Novice: 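Just dropping this structure here.
What you see below is based on every heavy atom in this structure, not just the backbone, and it leaves out hydrogens, waters and symmetry mates. Keep in mind that what you see is a predicted model, and the values were worked out from it rather than measured.
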There are 2 protein chains.
Amino acid sequence: MQAYLSAVTVDRHDPTPIYRQIANILREKILSGEYRPRQVLPSEKQLMQEHEVARATDLHAIEALREEGLVYTLPQRGTYVSPRD
Amino acid sequence: MQAYLSAVTVDRHDPTPIYRQIANILREKILSGEYRPRQVLPSEKQLMQEHEVARATDLHAIEALREEGLVYTLPQRGTYVSPRD
DNA sequence: GCGAATTTGTACGTATGTATC
DNA sequence: AGATACATACGTACAAATTCG
């Protein structure tokens, strides 16, 4: 019932901003190796549909991860997991 | 001056979302028989130019009609009027 | 078979207005 | 007031498949 490490889905009752929840979910998948370095992340549209949020919201999440250096975005291509050094 | 049945052009002052206005216009043409079953609709590019909107907007309109079951799209071919029954 | 044009598919960037918390 | 979220809209770019000459 309860998330033991971090949520795997967005929880609307959680006071954590949704874009942060999504960023947390994606970060978890990156650090756990589910998304590997240089691999492309799901598109914003896929993230939208998967988490049932507006595009601006998952865009916000991706921006957060970009600021952390976890991912990088190639315009018109997609967002990729940053290589580890 | 006033639309008597449904608009034939997009009205920027109408609060109805533009994609819905375009969907309404296309639906009218389908139901009136101007576009016949199995006939291909104007391409997204043509609709863009005709209504002076962005492609994403008439794509949105087509998606709405697809959800209604009025049309179906063949990739790289075009969007067609659904046959009756 | 080839190449160009056409058309849809996909993706990101940006902006505005509104509503809610 | 400010942050967050959503809906709508426009613009741009490139990919992929089809069509046609």
Novice: What's the closest nucleotide to the side chain of B:R55 if the choices are D:dT8, C:dT8, D:dC6?
Specialist: C:dT8

Novice: Under a 4.5 Å cut-off applied to non-hydrogen side-chain atoms, are A:L47 and A:L26 in contact?
Specialist: yes

Novice: Distance check needed: C:dT8 P versus B:Y80 OH, whole Å only.
Specialist: 9 Å

Novice: Write down the distance between CG (A:L41) and P (C:dC12), rounded to a whole number of angstrom.
Specialist: 10 Å

Novice: Please identify which of these residues, B:T79, B:T73, B:L74, meets the side chain to side chain contact (heavy atoms under 4.5 Å, CB included) condition with B:R77.
Specialist: B:L74

Novice: Where the side chain of A:T57 is defined as all heavy atoms beyond and including C-beta, which of C:dC12, D:dA9, D:dC6 is the nearest nucleotide?
Specialist: D:dC6

Novice: Nearest whole Å is fine: how far is D:dT19 P from B:K45 NZ?
Specialist: 18 Å

Novice: Counting side-chain heavy atoms from C-beta on, which of D:dA9, D:dT4, C:dC12 comes nearest to A:T73?
Specialist: C:dC12

Novice: Among A:L59, A:T57, A:D58, exactly one meets side chain to side chain contact (heavy atoms under 4.5 Å, CB included) together with A:Y19. Which residue is that?
Specialist: A:T57

Novice: B:Y19 has a side chain; which of D:dA13, C:dT14, D:dA9 sits nearest to it?
Specialist: D:dA9

Novice: Report the distance from atom CG of A:D58 to atom P of C:dG13, rounded to the nearest whole Å.
Specialist: 12 Å

Novice: Please determine, for the side chain of B:Q76, which listed nucleotide (D:dC6, D:dC10, C:dT7) has the closest atom?
Specialist: C:dT7

Novice: Expressed as a whole number of angstroms, how long is the span from A:H51:NE2 to D:dC6:P?
Specialist: 12 Å

Novice: Taking OP1 and OP2 of D:dC10, is either one under 4.0 Å from a side-chain nitrogen or oxygen of B:R12?
Specialist: yes

Novice: Specify the separation, in whole Å, of atom CD of A:E52 and atom P of D:dC6.
Specialist: 10 Å

Novice: Take atom CD1 of B:I62 and atom P of C:dT8, then tell me their distance rounded to the nearest Å.
Specialist: 7 Å

Novice: May I ask you to say what A:R20 touches in the nucleic acid, namely base, sugar-phosphate or nothing, with a heavy-atom cut-off under 4.0 Å?
Specialist: nothing

Novice: To the side chain of A:I18, which of D:dA5, C:dT7, C:dC12 is closest?
Specialist: D:dA5

Novice: Between A:E34 and A:E28, is any pair of side-chain heavy atoms under 4.5 Å apart?
Specialist: no

Novice: Taking the side chain of A:E44 as its heavy atoms from C-beta onward, which of D:dT4, C:dC12, D:dG11 lies nearest to it?
Specialist: C:dC12

Novice: Go nucleotide by nucleotide along DNA chain C from the 5' end; which of B:L59 and B:Q46 gets its closest nucleotide reached first?
Specialist: B:Q46

Novice: Could you check how far CE of B:M48 sits from C1' of C:dT6, rounded to whole Å?
Specialist: 14 Å

Novice: What's the shortest heavy-atom distance between B:Q46 and B:P42, and which atoms?
Specialist: OE1-CA, 3.3 Å

